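For reference, the structure is listed below as structure tokens.
Indexing begins at 1, ligand by ligand and atom by atom, following the structure's order. Quick caveat, the model's predicted, so the values are computed rather than measured.
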Amino acid sequence: MKPIRVVVIGGGFAAVQFAKTLRSKVRGSECEILLFNRENHMVFHPLLADVAGASINVDAAAAPLRQMLPGVGCRTERVQRIDLHSSEIEFDDGQGALTRLHYDHVVIACGAESNLGIIPGMSEHAFAFKVMSDAINLRQQVVRQMESAEATTDPDLRRWHLSFTIVGAGFSGVEVAGEINELVSSSTRFYRNFRKEDVVVSLVHSQDQILPEVAPKLREFARKKMEKAGITMLLNTRAVAATHEGVELNDGRMLKGATIVCTIGTAISPIVQSLDVPKERGRIRTTPDMRIEGQTNAWAIGDCAYIINAFDNKPAAPTGQFAEREGRQAALNLIRIVHGETTKPFHFKALGQLCSIGGYEAVAEMLGVHVSGFLAWLMWRGVYLFKLPSWSRRLKVALDWSWDVLFPRDLSFLNTDTTQQLTRAYYRPGDFIHRQGEPARVFSVIEEGQVEVLQQDPGTSDTKVVAVLGQGDFFGEGALLGKIAGSFTPLRELLVKAVTRGSDFWRRLPVSKSMLEGESIASFLDPLPPQLLTKETTFADAINALNESATGNLLVLDEKQRLWGTLDRGDLYQIIARITVTSAETRGDISRLKLGDLLIPNSIYVALEDSALVASATMLDHGISWLPVVKSKDDPRPVGLLRGEKISKRMLERIAQGQPTQARAAS
Ligand SMILES: Cc1cc2nc3c(=O)[nH]c(=O)nc-3n(C[C@H](O)[C@H](O)[C@H](O)COP(=O)(O)OP(=O)(O)OC[C@H]3O[C@@H](n4cnc5c(N)ncnc54)[C@H](O)[C@@H]3O)c2cc1C
């Protein structure tokens, strides 16, 4: 008999335990198991803080899936879609093509994603703490900051390099704060220019206690110990924004520091989002046996699933402990189904909580017993050591940990950064992006908000706003030219042309704005073209009219002499391109076709009552260089034409001398 195919999506606690249990109970000839996980290893999240704090080596917290799961087909393609109706998954084959694969059962165990987007600026300036690369990058960052602090002679800058802010004091926030503090404080003796007292590690938490999940006595213990170790607790405080400078708090304070770690905010994985199944706060709702509600061969387990625990009739917690049990019990249920037996509801009594707080201290709640301090730390290490997936890994981690107790932490880091091509930055109102006199290093495009360009009076230190840039505007072209073109003259000239052609910042110059607002359109008006076309004008006649026109801008009127459309050479080429892809039989004789059938009616025009500001903004927004002007909004009969170059020429004549030189975020 053909083996049934079980496809598992994910390679975390839930998926691995599921695949392991199923493989151990069912022979390969009966069941083929294919596990798709984006990475080729399972991440052991409870050890991520140790990786960031350099107390264990990176590979100790990442277990290779194919070595852990003999007999399971391990694949690293990202699953793009699950088609529950046809029982197929769709994944990218790595060459850009989508491959479909049929399954008999599918198990969704793709966890959750971190979401830094919940606080402005976090995505740009903070480290998430969820995947292995987050921990590795954070470790590099911490060591790099120590090196920078050693190198600088500016005490403020040194303090900034040595200030670390952790947002969120749940398990991962507390653990990572403890580890960073331990790494930096215990390493200061290897540096000459700073001491332990210069290091600032702050933990920002919106509630009045850290570790809300553990008993009050243990939380209090953890807080006191961490404060004693030098960590600053900012309780009942929320981070409202992150910038290059640091974290802005809800009380208006700015917590300056080069390193921000954001441990709050989770997002539903895209594949779960795309599934049209019952959900609870984004998580997939399951029946008690962990099949997706309304499905017979689709299962959901782990952090992406909303499972009611039959032990207490409460939703299962999104923790590794629960994910593992769900994986195991779902595998047993699937076997029951294959054997025609009745499935069992998910039932699990949580064993307890463990949290390391740094400095060989931890808090533990195991089977109702509360332990804190060094003993809890030993328990924490012991439990996680035995949770590790293989004996070789246990030995490796045990050696790392013993090494860490006896010897200083490793301060080397390999610079794996590639040249950063593109990044996003967040600025608060009033922040300086670029100061007068500094060479342009960054080319910036405004995605959201406004930027003021300030000029400093050489006599006094007063500044005045000389331009306001908005969405889509850019500055720092010098940096772009320098970086891209270098000394390659032809390319440089080309870029200069492109950059200056696209620049419309004059539109937002306050002086030009007020001037344009006060100018009527009439003062810029050009007369109507001598020949006015109609919807009935043939294509051949339109070409002749264009050839005879001095400006190349024509108007098309309707039966009541109202403006119906515009025509210039660009439109003509578009019509030709459109017509030539139509078969000769369908289009007939091109020259006889009428403009009414070829052109799209034009709704872009201004009325005599509009100001020159409205007219120039309309042209800039639509990327056009001329506009028809009608008598009034109620009477759209054309009265003339308006050209952008005429307005800009007048503007340039009037604008005061002086180059804008500073850029400041305005909103
Ligand atoms: C820093 C940190 C510390 C933690 N500490 C603890 C702790 O001490 N104790 C505890 O019980 N819990 C802890 N947790 C929580 C625990 O790690 C999670 O609850 C657990 O990992 C959930 O397991 P999972 O299998 O559902 O998902 P995950 O372990 O997140 O695994 C999901 C996997 O699916 C893969 N994936 C997602 N989408 C796709 C796709 N489309 N195609 C292919 N693969 C995909 C991902 O790459 C990932 O490998 C911690 C979490 C973090 C972040």
Proximity winner for atom 12 (N) of ligand 1, if only heavy atoms of A15, G11, G320, P318 are counted: G320

Non-hydrogen atom of F36 closer than 4.0 Å to ligand 1: yes

Element-labelled atoms of ligand 1 that are located less than 4.0 Å from some non-hydrogen atom of Q321: 11 (O)

Atom 49 (O) of ligand 1: the protein heavy-atom neighbour that sits closest, reported with distance to 0.1 Å: N37 OD1, 2.7 Å

Q141 and T259 side chains, donor-acceptor separation under 3.5 Å: yes

Residues, nucleotides or ligands: over 12 heavy atoms within 6.0 Å of R238 CZ: no

Backbone or side-chain N or O of D303 under 3.5 Å from ligand 1 N or O: yes

Heavy-atom closest contact (F221 atom, A362 atom, distance): CE2-O, 4.0 Å

Parallel, tilted or perpendicular: rings of W299 and H105 (30°, 60°): tilted

Minimum side-chain heavy-atom gap L48-S172 below 4.5 Å: no

Ligand 1-proximal atoms of A109, by part, heavy-atom distance under 4.0 Å: backbone

Proximity to ligand 1 by part of E39, non-hydrogen separation under 4.0 Å: side chain

Heteroatom proximity flag, H45 to ligand 1, N/O under 3.5 Å: yes

Protein residue, atom and distance nearest to atom 44 (N) of ligand 1, heavy-atom basis: R38 N, 3.2 Å

Which of the ligand 1 atoms, numbered from 1, are nearer than 4.0 Å to a heavy atom of A14: 25 (O)

pair K396-N57: side-chain heavy atoms closer than 4.5 Å: no

For G302, atoms of ligand 1 separated by under 4.0 Å from a heavy atom: 26 (O)

Y384, portion touching ligand 1 at heavy-atom distance under 4.0 Å: side chain

Parallel, tilted or perpendicular: rings of F348 and F322 (30°, 60°): perpendicular

Nitrogen or oxygen atoms of V79 and ligand 1 under 3.5 Å apart: yes

Protein contact to atom 31 (O) of ligand 1 [nearest heavy atom, distance to 0.1 Å]: G12 CA, 3.4 Å

CA sep, side-chain torsions, deciding dist, call: F346, F311, ring pair (Phe, Tyr, Trp, His ring centres under 6.0 Å): CA-CA 8 Å; F346 174 68; F311 170 74; over 10 Å; no

Close side-chain approach of N236 and D208, heavy atoms under 4.5 Å: yes

Main-chain N/O of A350 paired with Q321 side-chain donor or acceptor, under 3.5 Å: no

Part of F322 within contact of ligand 1 (heavy atoms, under 4.0 Å): neither

Atoms in ligand 1 flagged as close to F129, the criterion being non-hydrogen separation under 4.0 Å: 1 (C), 53 (C)

Sub-3.5 Å N/O-N/O distance, A323 and ligand 1: no

E324/R328 salt bridge by N-O under 4.0 Å criterion: no

Within-cut-off N or O pair, E113 and ligand 1, under 3.5 Å: no

For the student: nearest non-hydrogen atoms of E227 and M233, plus distance: OE2-CG, 3.4 Å

S172 N/O to ligand 1 N/O under 3.5 Å: no

Geometric class of the H244/W160 ring pair [parallel <30°, tilted 30-60°, perpendicular >60°]: tilted

F91 heavy atom under 4.0 Å from ligand 1: no

Atom 20 (C) of ligand 1: the protein heavy-atom neighbour that sits closest, reported with distance to 0.1 Å: F13 CD1, 3.6 Å

Closest heavy-atom pair and its distance - I33, A19: CD1-O, 4.0 Å

Nitrogen or oxygen atoms of L48 and ligand 1 under 3.5 Å apart: no

R336, CZ atom: more than 12 neighbouring heavy atoms under 6.0 Å: yes

Identity of the nearest option to atom 6 (C) of ligand 1, non-hydrogen atoms only, from A112, P46, A52, G170: P46

Selection from C304, C110, A128 by shortest heavy-atom distance to atom 38 (N) of ligand 1: C110

Nearest non-hydrogen protein atom, atom 27 (O) of ligand 1: G111 CA, 3.4 Å

